[in-house]
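Worksheet: the structure to be examined is printed underneath.
Values below: every heavy atom of this structure, side chains too, minus hydrogens, waters and symmetry copies. Keep in mind that what you see is a predicted model, and the values were worked out from it rather than measured. Here is how names work: the chains are called A, B, and so on, in the same order as the sequence lines, proteins then strands, and each is numbered from 1.
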Protein chains: 2
Amino acid sequence: MNDEIKPSDLVDGLRKGLEVILAFDDASPQMTQSELALRIDLSRAAARRYLLTLTALGYMASDGKNFWLTPKVMQLGRSFTASSRLPRTIQPELQALTERCGESTNFAVLEDTEAVYVCCANANRLLSTGIEPGTRLPAYTSTAGRLLASFLDDHALDRWIKKSAPRAHTTFTVTEPATLKREIMRMRKQAYGITESQFEPGLRGISVPLRDSANNLVGALSVSMAVSAMTASSAIKKLVPLLNETAARLAQKL
Amino acid sequence: MNDEIKPSDLVDGLRKGLEVILAFDDASPQMTQSELALRIDLSRAAARRYLLTLTALGYMASDGKNFWLTPKVMQLGRSFTASSRLPRTIQPELQALTERCGESTNFAVLEDTEAVYVCCANANRLLSTGIEPGTRLPAYTSTAGRLLASFLDDHALDRWIKKSAPRAHTTFTVTEPATLKREIMRMRKQAYGITESQFEPGLRGISVPLRDSANNLVGALSVSMAVSAMTASSAIKKLVPLLNETAARLAQKL
DNA sequence: AACATGTGTGCGATTATCGCACAAAAAAAG
DNA sequence: CTTTTTTTGTGCGATAATCGCACACATGTT
């Protein structure tokens, strides 16, 4: 297939419509047509059309002034989890893993410089990680993200780090490219990753790679926990084997 | 605002594009352009354009022949959970509830004749319910769905049942309209709902309504459990108070 | 009451979309 | 290995949908 795509092959209405959906987030849970037009590059008339379209389709609701998303948009996200074998296979194993170790676990893939969390099994604790299916974090701040990046070849890794443009999310975030690279290289050697307080203070992640039966890298399994729960070394000693065990079992099913 | 929408106000590319995403599911996790064209009403050329567009945007991937969804589509679904206060408020309470009762809990809203599960807290059990955020079930088979329908007025309820066109999913599914109505009416009186084996054999649901601080109905809280775990009456005795307690606490926050 | 801001709508110009038709390629059949 | 069949890539003109403007109207602000 030709991967050069000409403008005439792109359906613009779709692109903009999806942008509209993504424009709604934590910071602006509801918007008027003019606010939306301002936020993404659209004339007010166009913004209006897109909002009305989404409303007619049931993806949006409105009080006549403000517009907001309805639960129906979740159906889109579920389209992936329903269609892909990956989450269906992994989810139950994650839950079993969570039960065994008592901490929240998840499965993430790397998409460019972002770590996308595909499945999650939250431990029933008061302190919740805020990670849910679909969450995207800058990969250089995430254990899974760094671990997955560690499988890039040397040149690609350099470019990746540059593209990531690391900035400090906490006072501990590693932003110096050389240091970050060293950390990532160590993960490659160790075949597991651990980070602490890189995105959220007090949060520790431990991660191992997940491969399919053909030994292709498909993503990373992680445990998220409070640093205060135990020391880093005992966390590694306890959790890495459990993670690897799960990864090994999954490898046969994938 | 005028709620009559003229065709000229509808962005067709968006409508069709979303249809394309939804066309991928369990049964057809990957499709070629011609398969897709056949499945939804699209010429092959159009199907091709939509697939290429979604691929260029990162929502799809392809080996040159087959197309499939990427985890990026989950970002769309997350747009809702991130933008709406509802799931963020409810999720932690659900987790606490799951911990207290040891069973999977969830929060659902009614959308026409479908129950949409918005938040879920799965108990760490081997038997998983298969319900995840975004799942849609025929409301007449779901405890939460029936309970929510019970708040429709009499005429609307009749129309709702007719529209639902109940059919048997298990040998226990209530499909007779009059019986279904009686069941639903009882839920309204009792202010909680219980169903068993209506959608999946051996699965029991117990549900209570959730209201906001202005006493508006926003959805239903449910517990899903195996019927074999305990008798129906002891489940009611144990779980309805817990559910109501959670609903009461949430009512203050909504 | 005057003003400012945001919203509904008709319309012509523009352009993106459509589906056809045919070429090329890939599979399947022989 | 050749032929046949099916699927895929692409150029193009007709068509129809999108666009943004302009103006009227509504809302709420000073």
Just checking A/Ala45: base, sugar-phosphate only, or nothing, at a heavy-atom cut-off of under 4.0 Å?
base

Without hydrogens or angle criteria, can the side chains of B/Ser28 and B/Arg39 be said to hold a donor-acceptor pair below 3.5 Å?
yes

Pick one: which of B/Leu76, B/Leu69, B/Thr70 meets side-chain contact (heavy atoms from CB on, under 4.5 Å) with B/Lys72?
B/Thr70

B/Ser43 side chain: which of C/dT17, C/dG19, C/dT7 is closest?
C/dG19

With DNA chain D as reference, determine whether B/Asn66 or A/Gly13 sits nearer its 5' end, using the nearest nucleotide of each.
B/Asn66

B/Leu42 CG - C/dC20 C1' separation (whole Å)
15 Å

Please determine if B/Arg88 and A/Asp26 form a salt bridge, counting it only when a charged side-chain N lies under 4.0 Å from a carboxylate O.
yes

At under 4.0 Å, does any side-chain N or O of A/Arg48 touch on OP1 or OP2 of C/dT7?
no

Salt bridge between B/Lys16 and B/Asp12, side-chain N to carboxylate O under 4.0 Å?
yes

Given the structure, check if the side chain of A/Arg44 and the base of C/dG8 hold any donor-acceptor pair shorter than 3.5 Å.
yes

Calculate the interatomic distance between A/Arg49 atom CZ and C/dA16 atom C1'; express it in whole Å.
13 Å

Return no unless some side-chain N or O of A/Lys16 is found under 4.0 Å from OP1 or OP2 of D/dT18.
no

Nearest-Å distance, NZ (A/Lys65) to C1' (C/dT5)?
10 Å

Side-chain N or O of A/Tyr50 less than 4.0 angstrom from OP1 or OP2 on D/dC19?
yes

